[in-house]
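Report on one structure; see the data block that follows.
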Amino acid sequence: MCGIVAYLGHKPAWPILIKGLQRLEYRGYDSAGIALMHQNRLQVLKKKGKVDDLARAAQNYPTDGSQGIGHTRWATHGPPDDINAHPHTSGNQRLALVHNGIIENYALLKKALEKEGHVFQGQTDTEVLVHFIEELQHREQWPLEEAVRVALTRITGAYAIVVMDRDDPGKLVAARKASPLVIGVGNGEYFIASDATPIVEHTKRVIYLNDGEIATVSLRDNLQIRTMNNEVQTPYIHELDMEIEQLEKGGYEHFMLKEIYEQPTTVADCMRGRLNVEQGWVRLGGLDDHLARVAQARRIIIAACGTSWHAGLIGEYLIEDLARIPVEVEYASELRYRNPILNEEDVVIAISQSGETADTLAAVELARERGSLVYGIVNVVGSSIARLTHCGSYIHCGPEIGVASTKAFTGQVTLLSLMALVLAHRRGVLAESDFRRLLLELSEIPGKIAQVLEANAQIAYIAGEIKDRTNAIYLGRGYNFPVALEGALKLKEISYIHAEGYPAAEMKHGPIALIDENMPVIVIATNKSAYDKIVSNIQEVKARKGMVIAVVEQGDEVISQLADYTIEIPPTEEPFTPLLSVIPLQLLSYHIAVMRDCNVDQPRNLAKSVTVE
Ligand code: M6R
C-alpha cells in the first residue's frame with residue numbers, strides 16, 4: 001500500500017527520494033509525489049501513475065534541496081489523480097505532509113475546518129490532517145512538533161506521517177500509529193521510510209518507531225523521540241540484516257521469478273540452526289520459553305490473510321496430524337469482528353509475510369486482550385506483528401518484492417512443519433523413528449525444490465496451452481487442498497484469470513457443472529493416502545471433457561495415462577508435499593501472466609502489504 005520516504009541531510013534529496021520511491025513500488029500504488037525544501041521554498045511535484053512518470057514530469061522544474069518527503073499513494077479516499085496524490089500542503093503553503101493509513105474522523109474535522117475558512121483541493125483525509133496541523137500552529141503559535149502531537153491526539157485512525165515546515169527548515173517530524181515507519185541514521189543525515197528498502201543502500205543503522213511515538217529529526221538538534229504524552233524515549237538503533245542485492249532482480253526478468261527460484265535457499269535458510277538430523281533434534285528459539293504452554297494449549301487458532309492464510313491451513317493439517325493439538329484457521333478479518341471465544345488456554349498463531357497486515361495486526365491485539373498467548377510467524381524483521389506478539393519466529397526469506405507471495409509461502413509452511421515437529425516431540429505423540437524419518441525428509445526438501453524447478457520449460461509450455469482460457473479450477477485433497485487454493489489465488493492475482501480452488505471431492509457437489517472442454521482443471525495428485533480417490537476425481541473431469549493438468553509424484557503411471565499434461569515432483573513424506581507441489585503452480589501462474597502481458601510484480605489493484613481494513 002502507500003509508501004513513504006523522506007530525507008534530511010547535505011546531499012541532493014531528489015535522486016534519493018526518487019530511488020526510494022522506486023524501491024517502494026512493490027507495495028502497490030497509483031500515484032506518486034515529492035515535496036522539496038530549498039532556500040525556504042516548498043516545491044511540490046505529484047502525479048497520477050508511476051514513479052517514472054513523476055520523474056519525467058519533473059524534468060522542467062527545479063529539483064534542488066537537501067530536504068524532502070516522497071510518497072506512493074494507493075487510493076482510499078478519492079480517486080487516484082494528481083490532486084489527491086501526496087504530499088499535501090497546508091492552506092498557507094507552509095507545511096507539506098505525507099501519510100499512510102486512514103483518518104477515520106476526517107469528515108467531522110473537515111467540516112469544522114471549513115467553518116474556519118479552510119479550502120480543500122481534493123477528497124483525501126490526509127489533506128484534512130495537514131490543514132488541522134496548520135490551524136493549531138496558527139492558533140497556538142506552537143512549533144511544528146507540538147502542533148503535530150496535539151493534532152494526532154485528536155484524530156482517530158491509523159497513520160504514519162512525515163511533515164515539514166517551510167518556516168522551520170532542517171527539520172522533519174514523523175509519527176506512527178498502526179502503520180510502520182523506520183528511521184535510518186546516517187552521517188549527519190536521516191532517512192525515514194515505510195520500510196527499510198529505501199534506506200538500506202544509505203545506512204544499516206535504523207530505528208523502528210513504536211506505535212504512538214513522534215520523532216523529530218533535525219540538523220541542529222539531532223533526533224528526539226517522544227510519546228503522544230510528551231515523554232522522551234531513548235531510541236534503540238538496530239543493525240539492518242538486509243543486503244542491497246536482495247532488492248535487485250539479479251538477472252531475472254521479474255522479482256516473482258527470482259523469488260520462485262530462491263526457494264531452495266530460502267527454505268534452507270528457514271531451517272538453518274533449527275534442525276539437526278544427525279543428532280535428531282528440532283528447535284525454534286522463539287518457542288523455547290513458551291513450549292509448555294503451547295504444547296498444552298486447549299487449541300491453537302491460526303489467524304492470517306491471503307496466501308498466509310493458505311499456509312495456515314497447511315499448518316492445521318500439520319499440527320493436528322503430527323502433534324495432535326486441535327487447530328482452527330481463521331481469516332484475521334473475520335476473527336477480529338466476530339466476538340470469538342478466546343482465552344488464556346488458547347494459543348493464537350499470527351502468520352504474515354509483511355508483519356503489517358491491518359486485519360492480522362488487529363487479530364493479534366484482540367487475542368492479547370483476551371489473554372491468549374500470541375505467536376508470530378513473520379518475514380519482515382522488526383515489523384509491527386513481530387513486535388506485538390508475545391513470541392515468534394522469523395521465516396528468514398529475505399525481502400519479498402513481488403506482490404504475489406511465493407517464497408514467503410514456502411517459508412511459512414517450513415516454519416509450521418518445524419513447529420509441528422517440535423510440538424509432536426514435546427508431547428510424545430510421535431514415535432522416535434517417525435520423528436527422525438520426518439526430520440531427514442524435511443532437511444531434503446530444499447534439494448527437491450531445486451529438482452522441481454527443472455520442470456520450468458515444460459510448465460511454460462503448458463502455460464502456453466491454457467493462457468487464453470477465462471476460468472480454471474484447482475483441485476487437491478488433504479495437505480494439497482490448501483495448495484489448490486494457493487494455486488488458484490496465484491493465477492487470479494497476476495493473470496486476472498478467474499480461478500477457484502476446491503477440495504477434490506467437493507467438485508461433484510457443484511463445481512462439476514462448470515466442466516467442459518474449455519475448463520482447465522489443475523489437479524494436485526501426489527497424495528499417497530487418497531490416491532485412488534483422486535484418480536476417480538480426474539476420471540470425473542475427463543468424462544466431461546475437461547482438460548486435466550496433474551501434478552504427480554515421479555514415476556506415476558496411472559494418472560499420466562488419464563491427464564492431458566502431468567508435471568512430476570519428487571516423492572516426499574505426505575506432510576511436506578505442499579512444499580513441492582506449490583512450485584509448479586507458482587511457475588504456471590507466472591508464465592501465463594507473462595504470456596498475457598500482465599504486470600507480474602505489481603498486479604493491478606493489489607498492494608504488497610494491506611495496511612488498511
Ligand atoms: O503480509 P501478509 O502475509 O500478512 O499478507 C497477506 C496477504 O495480503 C497476502 O498473502 C496476499 O494474499 C498476497 N498478494 C498473495 O500473493
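Atoms within a ligand are numbered from 1 in the order they appear, just like the ligands themselves. What's counted below: heavy atoms across the whole structure, side chains too, no hydrogens, waters or symmetry copies. This one's a predicted model, so the numbers in the text were calculated from it and none came from an experiment. In this chain, residues are counted from 1 in sequence order.
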Enumerated ligand 1 atoms positioned under 4.0 Å from heavy atoms of S354: 1 (O), 2 (P), 4 (O)
Give the atoms of ligand 1, by number and element, whose distance to some non-hydrogen atom of Q353 is under 4.0 Å. 1 (O), 2 (P), 3 (O), 4 (O)
Atoms of ligand 1, numbered as shown, that sit under 4.0 Å from any heavy atom of E493: 13 (C), 14 (N), 15 (C), 16 (O)
Among all the protein's non-hydrogen atoms, which is closest to atom 15 (C) of ligand 1, and how far away is it? T307 OG1, 3.0 Å
among protein heavy atoms, the one nearest atom 8 (O) of ligand 1 is V610 CG2, 4.0 Å
On the ring face of Y261, is K407 found with NZ or CZ under 6.0 Å from the centre and within 45° of the axis? no
Taking the six-membered ring for Trp, are H390 and Y375 ring centroids under 6.0 Å apart? no
Any salt bridge between E330 and R338, counting N to O under 4.0 Å? yes
Any ion pair linking E253 and K258 (charged N to carboxylate O, less than 4.0 Å)? no
Going by distance alone, is a donor N or O of one side chain under 3.5 Å from an acceptor N or O of the other, for K490 and T307? yes
When you measure from the centre of the six-membered ring of Y496, is the NZ or CZ of R604 under 6.0 Å away and within 45° of the axis? yes
Atoms in ligand 1 flagged as close to K490, the criterion being non-hydrogen separation under 4.0 Å: 15 (C), 16 (O)
Give the numbers and elements of all ligand 1 atoms closer than 4.0 Å to a heavy atom of A404. 16 (O)
Assess the pair H238 and Y208: is the distance between their ring centroids shorter than 6.0 Å? yes
Quick check on the 6.0 Å ring-centre criterion: do H99 and Y159 meet it? no
Could you identify the single nearest non-hydrogen protein atom to atom 4 (O) of ligand 1 and state the distance to 0.1 Å? T357 OG1, 2.4 Å
Any atom of ligand 1 sitting under 4.0 Å from a heavy atom of V403? yes
Check ligand 1 against S308 and write out every atom of the ligand that is under 4.0 Å from a heavy-atom position of the residue. 2 (P), 3 (O), 10 (O)
If you have a sec, work out which protein heavy atom is nearest atom 7 (C) of ligand 1 and how many Å separate them, to one decimal? C305 O, 3.7 Å
